[in-house]
Protein chains: 2
Amino acid sequence: MLTERQLLILQVIIDDFIHTAQPIGSRAISKREDVKYSSATIRNEMADLEEMGFLEKTHSSSGRIPSEQGYRFYVDHLMSPFLLSGQDMNLIQSMFGDQLMEFERVVNKSAQILSDLTNYTSIILGPEVFETELKQLQILPLNNQSAVAILVTNTGHVEHRSFTIPVGLEPSDLEKTVRILNDKLKGVPIYKLNEKIEREVVTLLKKHTTDFKKSYDYIQAALFSEEPTQLYVSGKTNIMMQPEFKDIEKVRNLFSAIEEENQIAPLLRSQNKGINVIIGHENEHAAMRDCSLITASYALGEEHMGTIALLGPTRMEYSKVISLLNVLSNQMTKTFKSWYQNS
Amino acid sequence: MLTERQLLILQVIIDDFIHTAQPIGSRAISKREDVKYSSATIRNEMADLEEMGFLEKTHSSSGRIPSEQGYRFYVDHLMSPFLLSGQDMNLIQSMFGDQLMEFERVVNKSAQILSDLTNYTSIILGPEVFETELKQLQILPLNNQSAVAILVTNTGHVEHRSFTIPVGLEPSDLEKTVRILNDKLKGVPIYKLNEKIEREVVTLLKKHTTDFKKSYDYIQAALFSEEPTQLYVSGKTNIMMQPEFKDIEKVRNLFSAIEEENQIAPLLRSQNKGINVIIGHENEHAAMRDCSLITASYALGEEHMGTIALLGPTRMEYSKVISLLNVLSNQMTKTFKSWYQNS
DNA sequence: GTTAGCACTCATGTTTATCGAGTGCTAATT
DNA sequence: AATTAGCACTCGATAAACATGAGTGCTAAC
């Protein structure tokens with residue numbers, strides 16, 4: 001177990017390193033007014049802490065820096081809670097005060113606030129949309145050749161596609177098709193749409209429309225060619241400002257990794273509810289081994305969950321980031337709840 | 001005027017430097033099989049070309065690199081046309097072959113193709129939406145408290161907002177309001193909406209709805225709180241791969257500049273029709289003085305214009321980029337025309 | 001148990017030397 | 001008169017040699 005003094009020293013080192021990014025030596029610590037031991041004593045303690053794996057040296061005669069295990073201990077036991085400044089709180093409040101927002105905008109703004117307030121990179125994962133229900137399907141002809149299909153879910157999510165109307169498709173058929181679809185599909189969860197169409201709608205369509213095949217291809221195309229982008233990233237530039245990323249090769253690797261949506265999304269999706277802290281090599285993705293990733297979950301309505309996250313160097317302001325993510329995820333959950341209850 | 005030989009030498013130097021990013025010396029040039037002069041001769045010519053301002057040295061005894069004036073001359077007089085590979089052409093064609101696309105998707109994909117095929121950063125500016133006309137306004141209640149407003153223009157552009165319904169607003173009023181709005185506003189250009197509402201709709205609303213004030217605030221909020229994002233950027237990471245951006249400070253500056261939407265948008269907006277080449281310091285923005293920017297215009301329907309652009313180092317593959325932008329902008333124009341004619 | 005003292009380590013910065021690609025100029029060649 | 005060979009010179013890049021100083025570990029004194 002660690003003694004009080006060791007705890008103090010560890011805390012001082014980590015706090016300092018988080019802000020300066022420089023190895024810290026015994027003398028510097030002993031000079032602090034809240035530390036009343038000589039540098040020699042500190043040196044001894046530091047040697048012990050290093051032996052226990054909480055500290056590292058960059059070279060044999062350098063000052064100490066925290067190891068990943070050190071950060072882990074800090075996050076789990078040592079960190080003092082962070083009080084967000086009134087200014088920051090205001091910024092957040094004012095954003096959620098706005099009555100008129102669609103989901104995408106809230107998320108985008110949240111991502112921006114997160115990255116602005118921390119100078120790290122924020123990543124927000126939207127909720128799985130598949131469980132949401134179809135509220136309305138509309139096909140609106142723009143002219144002879146083209147139309148726009150608009151699909152609204154019960155969560156207020158809107159998808160739309162423009163398309164060209166195949167030559168020879170009767171407008172009346174199109175209209176009928178849409179009417180039938182709305183009749184039958186309202187309230188059906190998105191992920192069941194396909195099945196439902198196959199089972200119930202196809203026969204109906206066959207009966208009622210003269211050009212069944214075309215209408216059908218249509219629906220298919222309009223409804224299911226989606227690849228829902230659910231990843232919102234903000235402040236990618238911030239990561240370049242960190243001194244640990246002064247060599248461009250690292251930045252490149254990291255950026256490439258972030259841009260691979262199908263790498264990041266599952267990672268975030270697989271996190272537990274609440275706050276998660278993933279430090280350095282705890283991350284399964286090699287490209288993020290120099291980083292820490294803090295995630296927090298938010299809820300959209302009763303069922304759907306999304307994740308907000310901050311990506312920064314392992315030398316991260318854990319305390320601040322965690323507070324911020326807490327506040328923001330709660331605020332998001334609250335806001336979405338107010339939108340979607342009784343739906 | 002430049003002699004044939006000088007033209008040849010200039011061309012060789014620029015072509016070479018575009019691919020290697022290394023200063024090139026007289027000996028290297030004289031060794032090429034299409035050049036039959038000795039290094040001494042070449043040296044003399046290079047000295048002349050430098051005096052005329054087409055070449056530069058990085059230091060007193062280095063090989064030559066093209067000056068910005070050199071690139072300018074190259075682009076205007078020297079560049080040989082570039083034939084896109086069949087592979088590249090296929091990629092482009094296949095994308096536009098897809099019948100089912102909304103504007104945003106075409107633009108996003110185009111941006112991606114541009115950056116993938118060139119390894120530069122692509123920027124696409126959407127058309128001014130203000131001239132487009134309102135096709136339909138719909139307000140769809142999701143539940144007691146919230147609704148989604150959907151606005152469709154004649155170009156198939158869809159805007160939507162979720163909002164909470166003020167307590168006490170009668171559903172019937174909401175419905176009436178929407179009906180009145182659709183009646184009066186269909187076909188009105190977006191930028192005239194506000195005026196039209198003030199002039200014709202307000203009185204109507206007063207007459208027909210019991211709670212005029214609330215309905216009105218509503219419309220206002222739903223229709224006019226937009227900040228149309230019209231800038232699509234792809235391949236920002238590419239710029240970091242260029243050897244001229246190996247020091248991170250430059251990258252930071254450039255990235256910050258690109259992220260300032262209101263810096264870039266007007267710059268692109270102000271370009272002439274067709275292809276424009278802006279080399280280094282010809283660019284008014286200091287942050288882009290190390291870059292060249294090639295722009296091309298595309299048309300959306302009869303009236304609206306947008307811009308596609310590629311941003312790379314001044315040492316850019318001008319020939320390829322220009323060909324590519326040409327093909328793509330034409331293809332976009334053609335595609336959009338087919339969508340929106342007779343609207 | 002704590003601390004002063006001291007020899008030792010190593011990253012960083014500076015100086016100096018070497019190397020070689022490339023130039024400009026002059027004189028010889030075509 | 002145009003071209004080219006020859007040569008001294010320049011200067012960035014790389015490496016080696018050296019000084020500096022922040023920081024350590026260890027021992028002995030307090």
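Order of the sequence lines sets the chain letters (A, B, ...), proteins ahead of strands, with each chain counted from 1.
- In this entry the distance linking CG of Leu49(A) with P of dG23(D) reads 17 Å, nearest Å.
- Residues forming a salt bridge (charged side-chain N to carboxylate O under 4.0 Å, His left out) with Asp34(A) (at least two apart in sequence, or on another chain): Arg32(A).
- Shown here are the side chain to side chain contact (heavy atoms under 4.5 Å, CB included) partners of Ser85(A), two or more places apart in sequence or in another chain: Gln87(A), Asp88(A).
- Between the CD atom of Glu4(A) and the C1' atom of dG1(C) there is a distance of 17 Å, given to the nearest Å.
- Asn326(A) pairs by the side chain to side chain contact (heavy atoms under 4.5 Å, CB included) definition with Ile275(A), Ile322(A), Asn330(A), not counting sequence neighbours.
- Between Arg64(A) atom CZ and dG23(D) atom C1' the separation is 9 Å, expressed in whole Å.
- Phosphate contact (OP1/OP2 of dG25(D), side-chain N/O of Lys57(A), threshold under 4.0 Å): present.
- Between the CZ atom of Phe17(B) and the P atom of dG22(C) there is a distance of 14 Å, rounded to whole Å.
- Between Asp48(B) and Gln6(B) the shortest side-chain heavy-atom distance falls below 4.5 Å.
- By the salt bridge (charged side-chain N to carboxylate O under 4.0 Å, His left out) test, Glu45(B) pairs with Arg5(B), sequence neighbours left out.
- Note: CZ (Arg5(B)) to C1' (dA1(D)) measures 12 Å, nearest angstrom.
- The stretch residues 24-48 of chain B touches DNA chain C through Gly25(B), Ser26(B), Arg43(B), Met46(B), each having a heavy atom within less than 4.0 Å of the strand.
- Looking at residues two or more places apart in sequence or on another chain, you find a ring pair (Phe, Tyr, Trp, His ring centres under 6.0 Å) between His77(B) and Phe73(B).
- Classification of Lys236(A) and Glu259(A) as a salt-bridged pair holds, one side-chain N sitting under 4.0 Å from a carboxylate O.
- When the salt bridge (charged side-chain N to carboxylate O under 4.0 Å, His left out) test is applied to Glu282(A), the partners found at least two apart in sequence or on another chain are Arg72(A).
- Not counting sequence neighbours, Pro266(B) has no partner by the side chain to side chain contact (heavy atoms under 4.5 Å, CB included) test.
- Scanning for side chain to side chain contact (heavy atoms under 4.5 Å, CB included) contacts around Arg289(B) gives His281(B), Ala286(B), with sequence neighbours left out.
- Two end axes, each from the C1' atoms of five base pairs, can be drawn for the helix from dG1(C)-dC30(D) to dT30(C)-dA1(D); they diverge by 20°, to 10 degrees.
- If you measure from atom CD of Glu56(A) to atom C1' of dA11(C), you get 17 Å, rounded to the nearest angstrom.
- Partners of Tyr318(A) according to the ring pair (Phe, Tyr, Trp, His ring centres under 6.0 Å) rule, which considers only residues two or more places apart in sequence or in another chain, are Tyr71(A).
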Determine, for nucleotides 10-20 of chain D in 5'-to-3' order, which nucleotides have protein heavy atoms under 4.0 Å from the base (write B), from only the sugar-phosphate (write S), or from neither (write -). BBS--------
